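Please read these numbers as outputs of a predicted model, since none were measured by experiment.
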Amino acid sequence: MSMLEQMTGMGMDVLITGTAGLVAFFSVFIVWQALIRRDPLTTRARSLGQHRANLKAGMLKANTNHFQRVETVSFMRTVTNRLNMLKGAHVAKVSEKLMQAGWRSKDAIVIFMFLKLTLPIVLGGVAVFLVYALGIFDVPPMVKILICMSALVAGVFVPEVGVSHVIKKRRVQLQRGLPDALDLLVICAESGLALAAALTRVARE
C-alpha cells in the first residue's frame with residue numbers, strides 16, 4: 001500500500017469519526033434541550049399566581065389605607081363635634097368655599113375645622129421649641145414672644161389661605177376649559193342629546 005493510500009484511508013477514518021462525534025453531540029444537545037424545556041402551562045400558572053398575589057397585596061394595602069383614613073377622619077369628627085365646631089352660620093360659608101375649591105365630600109369640612117384648630121397649636125409649639133428650647137434666635141425676650149405669637153396667628157390663617165389659593169387655581173382652570181366645554185356642549189346638542197345628558201357628558205369629560 002502506497003503512502004498516498006494510507007493518508008487517504010486515515011483521512012476518511014478521521015472524517016467519519018469526526019462526523020459521528022458531531023452527530024452524537026448534537027443529538028445529546030437536542031435531547032437535553034427537550035428535557036429541560038419548561039412547560040408553558042406551568043410557567044403561565046406561576047405567572048398568574050404571582051399576579052394574583054400582587055393584586056391581593058395591593059387590595060390589602062388599599063383596604064388598610066382606607067381603614068386608617070376612616071379612623072383618622074372619625075377622630076377628627078369626634079374632636080370637632082365635642083368642641084361644637086361644626087355648628088353655626090360660619091360652617092355653611094366654609095362649606096361653600098370648600099365646594100368652590102373642589103372638595104365636596106362630607107369629610108372636607110371636618111378636616112378643615114380640625115386643621116384650623118390644631119395648626120395654631122402645632123406651629124406655636126414648634127416656634128416655642130425652636131426659640132426657647134434650642135435658642136436658635138439670639139434676640140431680645142420681646143422679639144421671641146413676637147415670633148411665637150406670629151407662628152400662632154399664622155397657624156390660624158394657613159387653612160384659609162390654602163383654600164383661597166386652591167379656589168383661584170381652580171377658577172383659572174375652569175376659565176381655560178370653558179371654551180372647550182362649550183364646544184363639546186354644542187357637539188352633544190347637535191348629536192341629539194338632551195340638555196341634562198349633554199351637561200353630564202361635558203362634566204364627565
Same apolar cluster (I L V M F W Y, side chains within < 4.5 Å links), Leu184/Leu195: yes
Pairwise side-chain contact, Met113 with His90, heavy-atom cut-off 4.5 Å (strictly under): yes
Neighbour count above 12 (heavy atom, 6.0 Å) for Phe157 CZ: no
In one Ile/Leu/Val/Met/Phe/Trp/Tyr side-chain cluster, 4.5 Å: Leu182, Leu199: no
Backbone of Ser74 reached by a side-chain donor or acceptor of Thr78 within 3.5 Å: yes
Shortest non-hydrogen separation from Trp103 to Val163 and the atoms involved: CZ3-CG2, 3.9 Å
Phe129 reachable from Ile147 in the ILVMFWY side-chain graph, under 4.5 Å edges: yes
Flag if over 12 foreign heavy atoms under 6.0 Å of NZ, Lys97: no
Interatomic spacing from CG in Asn81 to CG in Asn84 - rounded to 0.5 Å: 8.0 Å
Check against side chain to side chain contact (heavy atoms under 4.5 Å, CB included), Glu160 and Phe112: CA-CA 9 Å; Glu160 298 281 353; Phe112 177 83; 3.7 Å; yes
Cluster check Ile145, Ile136: I/L/V/M/F/W/Y, side chain < 4.5 angstrom: yes
Flag if over 12 foreign heavy atoms under 6.0 Å of CZ, Arg170: yes
Gln100 to Ile167 - nearest heavy-atom pair and separation: OE1-CD1, 3.8 Å
Separation between CZ of Arg171 and NZ of Lys168, rounded to the nearest 0.5 Å: 8.5 Å
CE-CE distance between Met149 and Met142, expressed to the nearest 0.5 angstrom: 10.5 Å
From Met76 atom CE to Asp107 atom CG, the distance as rounded to the nearest 0.5 Å: 9.5 Å
Nearest-0.5 Å distance that lies between atom NZ in Lys116 and atom CD1 in Ile109: 10.0 Å
Nearest atoms (heavy-atom pairs only) where Cys188 meets Ser191: O-OG, 2.7 Å
Check against side chain to side chain contact (heavy atoms under 4.5 Å, CB included), Tyr132 and Cys148: CA-CA 10 Å; Tyr132 290 99; Cys148 296; 3.7 Å; yes
Rounded distance (nearest 0.5 Å) linking atom OG of Ser105 with atom CE of Met99: 11.0 Å
Hydrophobic cluster identity match, Leu115 and Ile121, side-chain contacts under 4.5 Å: no
